[in-house]
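Given the structure is predicted, the values throughout are model-derived calculations rather than measurements. In what follows, chains are A, B, ... by sequence order, proteins preceding strands, each numbered from 1.
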Amino acid sequence: GPEQKKQGGNPVTVGKVSKPKVAFVSNNPAEFWTICEAGARKAAEETDVDLQFKRPQDGTAATQIQIIEDLLVNKTQAISVSVISPDNQIEFLDGVAARIPLLCVDNDASKSKRRAYLGTANIKAGRSVGELIKKALPKGGKIALFVGQLDPVNARERRQGVLDVLEGVESKGLRISRDGEKYGAYQLLGTFTDNVDKNKAKDNAADVLAKNQGATDLALVGLWAYNAPAILSAVTDANRVGKVKIVGFDEDNETLEGIKTGAIEGTIVQNPYEFGFQSVKMMADLIRKPESVKIPEDGIMDIPHKVLTKENVQAFQTELKKLLGK
Amino acid sequence: MSPPESKNMFTAFFSNPTVGRILGVFLLVVVLYTLMIGIEENARTVENHQNLARRIGEWGILTLGVGFVIITGGIDLSIGSVVCLSAVSFGILLENGANPYVATLVVLTGAGLIGLFHGYLVTKLNLQPFVVTLCGLFIYRGMAQFLTLIDFKKWMDPNLAAGTRILRDSSRDVGVGGRTDLTSFFWLQKGEWLGIPTPMWLFGILALLAAIFLHASVYGRYLFALGYNEQAARYAGVNTNRFKVIAYFLCSLLAGFGGILFLMKINSASPSNAGNWFELYAITGAVLGGTSLRGGEGTVIGIILGAAILPLLKTLVIFAGIPSDMEFSAIGLALLLGTLADELLRRRSEAARKGA
Amino acid sequence: MSPPESKNMFTAFFSNPTVGRILGVFLLVVVLYTLMIGIEENARTVENHQNLARRIGEWGILTLGVGFVIITGGIDLSIGSVVCLSAVSFGILLENGANPYVATLVVLTGAGLIGLFHGYLVTKLNLQPFVVTLCGLFIYRGMAQFLTLIDFKKWMDPNLAAGTRILRDSSRDVGVGGRTDLTSFFWLQKGEWLGIPTPMWLFGILALLAAIFLHASVYGRYLFALGYNEQAARYAGVNTNRFKVIAYFLCSLLAGFGGILFLMKINSASPSNAGNWFELYAITGAVLGGTSLRGGEGTVIGIILGAAILPLLKTLVIFAGIPSDMEFSAIGLALLLGTLADELLRRRSEAARKGA
Amino acid sequence: MTSSKDQGKPPLLTVFGISKQFGGAQALHDVGLQLFPAEVVALIGENGAGKSTLMKILGGILNPDAGTIQMDGVPVRLQNPAQAMKLGISLIHQELNLADNLSIEANLFLGREMTWGGPLGLANRRAMEARSASLLDRVGLGFSPKERLANLTLGQKQLVEIARSLSLDARILIMDEPTSSLAQRESERLLQVIRELRQDGVCVVFISHRLREVEAIADRVIGLRDGKNAGELSRMEINYPAMVKMMVGRDVKLKRHQPILPKIPGLPPALKVVKLRHATSKGEGVSLEIQPGELIGMAGLVGAGRTEFAETLFGIRQRVSGEIHLTGKPIKIRRPADAIAHGMALVPEDRRHHGLILADTIRGNIALPNLDTLHKGKILNFKAIKSTAQKGVAALRIRTTGISKQAGQLSGGNQQKVVLYKWLFRKPALLILDEPTRGVDVGAKEEIYDLMRQLTDKGVAILMISSDLEEILQLSDRVLVMHENKMVGALDRDQLSEESIMRLATGANS
Ligand SMILES: Nc1ncnc2c1ncn2[C@@H]1O[C@H](COP(=O)(O)OP(=O)(O)OP(=O)(O)O)[C@@H](O)[C@H]1O
Ligand SMILES: Nc1ncnc2c1ncn2[C@@H]1O[C@H](COP(=O)(O)OP(=O)(O)OP(=O)(O)O)[C@@H](O)[C@H]1O
Ligand SMILES: [Mg+2]
Ligand SMILES: [Mg+2]
């Protein structure tokens, strides 16, 4: 019955002996975090801690901060956060870190006193996207980037990685790279945002297709999880599957299916399951036996991303299903 | 509706306040369209026109719905959430093997019930429409999220061990479950007939029905009357409550249908953001089309034109190469200019009428 | 305002329609608060109460602002965008080394001008408030995005080579530029006095001023009068346009101040989502507090209670361990129940008055 | 009493050459007017003659297309109400302009409150309440100044509006049909107040279609016809036929209506009400019977509860107890639609809020309650709608440029005619009229009375609520009187007299 459902997922004090409370705060409610939560839950079960997994429903820093404040009041003993606005929340995060162990996951605030960062380097991941584009259009061509919003750092870093590779330069952090200009043999038609609305993402892609009718050297690149499926849908509707190259990011099921059929060149996956699993495990250890936790000097625990193409997608999909218990 | 007494047919037509109100938005549509096809050769293609028509159709259906409610002097802020809940429920039904026609029926019934519920709260309990539908905005989105938590496969498994949890840990996007029997449903969104995309046909038919309902039928007169002066309409024997309920019902029903189209468009729906802001866009369309939020005013032709503005604007932004970061400003300014033009034209026509 | 004819003071008090309207929200606040401190020991801590007070203060300032506008029968949908634009501008000014007091002045002036602009469009050009501020919702957010595109450092560089482009490639979050001279500003948001957080003090003082303005001064009467029957107020010689403009001015000004607090709170503002939904939350607070969207009704005490609901709810959701996925439903249902309770209580009190 | 005009004092206000057009219709054409201190000037004219328009120009609400206004010999411009008020001109509008959401006191002082605290503008509530009490006393309204205006009836609000104008210290006080929703006692009280004002040197401009009142109070009568000056009568010349002649432009013979008692015996009563009570009824409720073809008058003071009774009968208010029988059958009425379906019709008292959709056309307003007949398969029968409206405009001589004119743009009396016609067209079995001729001119009243008689001749039962005693006396077959939400008596034709009605209405008997 529905009454039992609540349990297990949420902190429940069993008898008088309560388990350590830990929390994971994502940066938005996207499905990406579902995979992460699966990992986190698994770790919580294994390490016997109480886990609150919170997703700021509106994806704003303000909401994220409120959630963390409330968690602190609620005597949470360790928190992992995917920081929404890393450069500017140092002070707040330091305040948290002064009270309890704090980990950054997925989005790092490297200048803060967080214990460790677990995640993927977004510029590096972006570079892998660039490599996929190069492979798809070896002679150069036009590319259009699609992303939900451009002000979050991860979006800008991925974009930067892509453009750096196309231009053939080393990545040295964010720099100015304008729409409309050429990067190596590739012209960047534009970076199109949709405010995290897949419907609009599809319309954007359809408009770019219409504007570039007949182009044979076109690559459409989705930088957030739902972008590649939205692009694929628009390309399918315009009957240009195969004629237009698509590169995606993250492991949306439609993206994976698209790679299988060859409609999508490939995607970059970050391994969110590990994000969740590792961070909760580390939090549990930091509470119970802090001396045993080994963290590198810079605190960065790289959980490497993977490039998926037709060759390895099937294996990945099987693995993912297993992890999610489907 | 022009005063037949006026000698000069031409002046009479343009000085009619309703026509004046439509003229502004008509002008805006013409300007935006001209800009679009002027700026880019590829904007003149059939493909682009089909894309546009499809989007106008999709928006139009929602705009039409909220138009009814606004005419009664109400508002519906829950449209986006109803779209979301419908899309998500439709997806879940499909994923679990339901017959798509049955699924449609279920979703539309649910959406209709939501509308009746709104109508009930607004009429019988006398709550403010803004508040009722604001609650709806939260509740239906929450319901959509909750639905995706349930593992129906497990739930319906007859061999399920007692006590097995059937709730997932977190919500998820729903899709169409890899169904291959949905051709006719995809056609609803992606198909075309005589070169015109199906959503546009659907919108056209619905708009025609709405026009008959609003402008030619007895019921339409009742809606306008109660929107302008509910008391007077009641005293005149109009069952005002019933017609208000009908307006909310139609609005939610159309939003539910919009949800089905939504799922058919992008093959998936995310409970946390599918349909976000749709209510604002729909209301904007209706209002631009001359539907007054004070109630009692509005035309179907205006709504059609109003529904065309946002799709046109968004396409224009891309074709004109305006950076995405400036899209909001562009939309806002266009709306403002459109409204201003509308108001100035109306004043003109009023002056003309006075002088005539 | 109770009829003095009524013998029983107690009945008179509760049958007063204004009191009736406040009673519902008061009850809701009490229930939510009791739930919160009942559910979790940790919720009874001073820290939690301080957090709550801080949030109520922040929301309250915005709610108060929109309250003025709603009392005149208008609405302001641009609050969230004004918060965003103000926070972003304030950040940019700080990043570029402006004196924080000067920056504050600039931001508040800008916000005030926005309000005057709304007032102008609503009064002189007779545009609908919903439409005007809907345009604002888009435009100011777009402006915020655009501002973050500009590289002011480059722009103001005297050695800048001609033709250098001063636009960045994309919008970005702004911060406070690592300034260390902002102690007093951070205090505005994070400080406390006598154990009560500064935002609560600020809200308290502003609410007191607003109460004097609305309930004790003649200007308040003008606002109420014109909100209910603009013509009557105008015929009585009230400069209705001026007072409407004042309402919009105050609303935007307070939103601008809210923007400054926003930046001080999270040290950063993202132009694409800072302040998203704030207008809906502010309006919800005001309406829950008994401010009628039909105009002419509202009390400061109601607004204070109304502003407390959402912060309480959100905290409750976390303390009760309600999954994020059900947060929306919880908020929506609480709103609905609150409104229903309010309406039923009002009916009661009305009946009591009739019977008395 | 001689007015100051006769004494050769300089005029307070001189107006000449005023013209005003509304979208093709000439409302005023080259109108002139002079006002002197300490006099009562009555302005009369048929509905739509331009009286209100002229007064709105003086009140700074409308701008004339042409013409000059001089105050104390100095040309002035009246751009808005505040300017006019500053010059000492106050206007009580034909339609109420009050804020229902505020207290009586706040309404009385709106726009010119007593304050303290200098620029803070704090309302000196105590002082205003004290002053309010005396103002209310002067017009005979026994409410606390703190009462919310929404709790008052139309007539009571009218008194508030009058009390408000008394406190204005105006030099010129314009009252546009102040008595139209007042009963005799309140009217008389008002006339007394006007006399006092005259004594204080105020010039009162009084507009009314109740010519008896004009006879009683006016020092001078000015006529308007079709937006033009139609002459002037001095104190000596004022009498009923002369005024009618000036308004209409020809001699008019006034008929005396002879009520015909119901002639078809044995039929069940058209309406039988047994102990009908609503939420605020007092006593055992209202019982009455009306035979087909009978016209029953219902009299009472302002706020006696007549409107509430009618609204309960018509399903607008909740019935608490009691029964309603139509032609012998008990019926349940939950909303006006039910009442209408049973053949009832109600011409409501408050035409602007309940009677009309001001933004809709004359055609639309007349059609609204009759749409059940003006359609073919629920699709509007535009032709029938048009002809119905045209018939109505002709039958009641509604002064308009056409049936597409917005109802809100009609003069008050013409609006009333639209409300009347939309219900008369239904040919109901039972017609309830609440102040049917409020603001209607003398000539049109006659036509309306004729129509009512034609209906009763056809067997229609009419219940007529009216504060116009003359009307009640002239038309009723029987009169019911209410007092303080109770039915206090019934008078047969042969018992009818002003005194007998007033005695019941004022509660002298109880
Ligand atoms: N706002 C308006 N728009 C158009 N026509 C108007 C407007 N106001 C008044 N009129 C017209 O001007 C004429 C004069 O109207 P006015 O209200 O002055 O008449 P009145 O003498 O006061 O009549 P009543 O005795 O019925 O009150 C009428 O024909 C009316 O239709
Ligand atoms: N002195 C008073 N104090 C409070 N309420 C009053 C007073 N006089 C009347 N009322 C209220 O007025 C209402 C009766 O109004 P109603 O409109 O039915 O009267 P009416 O006879 O039609 O008078 P009117 O001519 O003013 O329309 C009742 O609700 C009664 O309680
Ligand atoms: Mg008049
Ligand atoms: Mg009455």
**Asked** Quick one: is the NZ or CZ of Lys314(C) closer than 6.0 Å to the six-membered ring centre of Phe328(C), and within 45° of its axis?
**Response**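 Not satisfied by the 6.0 Å and 45° rule.
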**Asked** Out of Ala334(C), Ser272(C), Gly142(C), which one racks up the most heavy-atom pairs below 4.5 Å with chain B?
**Response**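 With the most close heavy-atom pairs to chain B, the winner is Gly142(C).
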**Item:** Option in Val287(C), Leu127(C), Leu77(C) with maximal non-hydrogen atom pairs under 4.5 Å from chain B
**Value:**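 The residue among Val287(C), Leu127(C), Leu77(C) with the greatest pair count is Leu127(C).
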Region of [X] that comes under 4.5 Å of a non-hydrogen atom in chain B:
X         : answer
Leu134(C) : side chain
Ile283(C) : side chain
Leu335(C) : both

**Asked** In terms of heavy-atom pairs under 4.5 Å, which option from Leu137(B), Val131(B), Leu340(B), Ile139(B) contacts chain C the most?
**Response**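 Sorted descending by pairs with chain C, the first entry is Ile139(B).
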Portion of [X] that has a non-hydrogen atom of chain C nearer than 4.5 angstrom:
X         : answer
Ser292(B) : both
Leu293(B) : both
Leu149(B) : side chain

**Message:** Using 30° and 60° as the class boundaries, would you call the ring planes of Phe138(B) and Tyr281(C) parallel, tilted or perpendicular?
**Reply:** parallel
**Message:** Are His118(C) and Tyr140(C), when compared by the centres of their aromatic rings, separated by less than 6.0 Å?
**Reply:**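 They qualify: ring centres under 6.0 Å apart.
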**Asked** At what distance, to the nearest 0.5 angstrom, does CD1 of Ile70(B) lie from CG of Asp76(B)?
**Response**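 If I round to the nearest 0.5 Å, the distance is 9.0 Å.
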**Asked** Around Phe130(B), counting heavy atoms of other residues, nucleotides and ligands shown, do more than 12 lie under 6.0 Å from its CZ?
**Response**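 Yes, enclosed.
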**Phe152(C) atom CZ: more than 12 heavy-atom contacts under 6.0 Å** = yes
**Message:** If you compare all heavy atoms of Ala87(C) against all heavy atoms of Ala269(C), which two are closest, and at what distance to 0.1 Å?
**Reply:** CB-CB, 3.8 Å
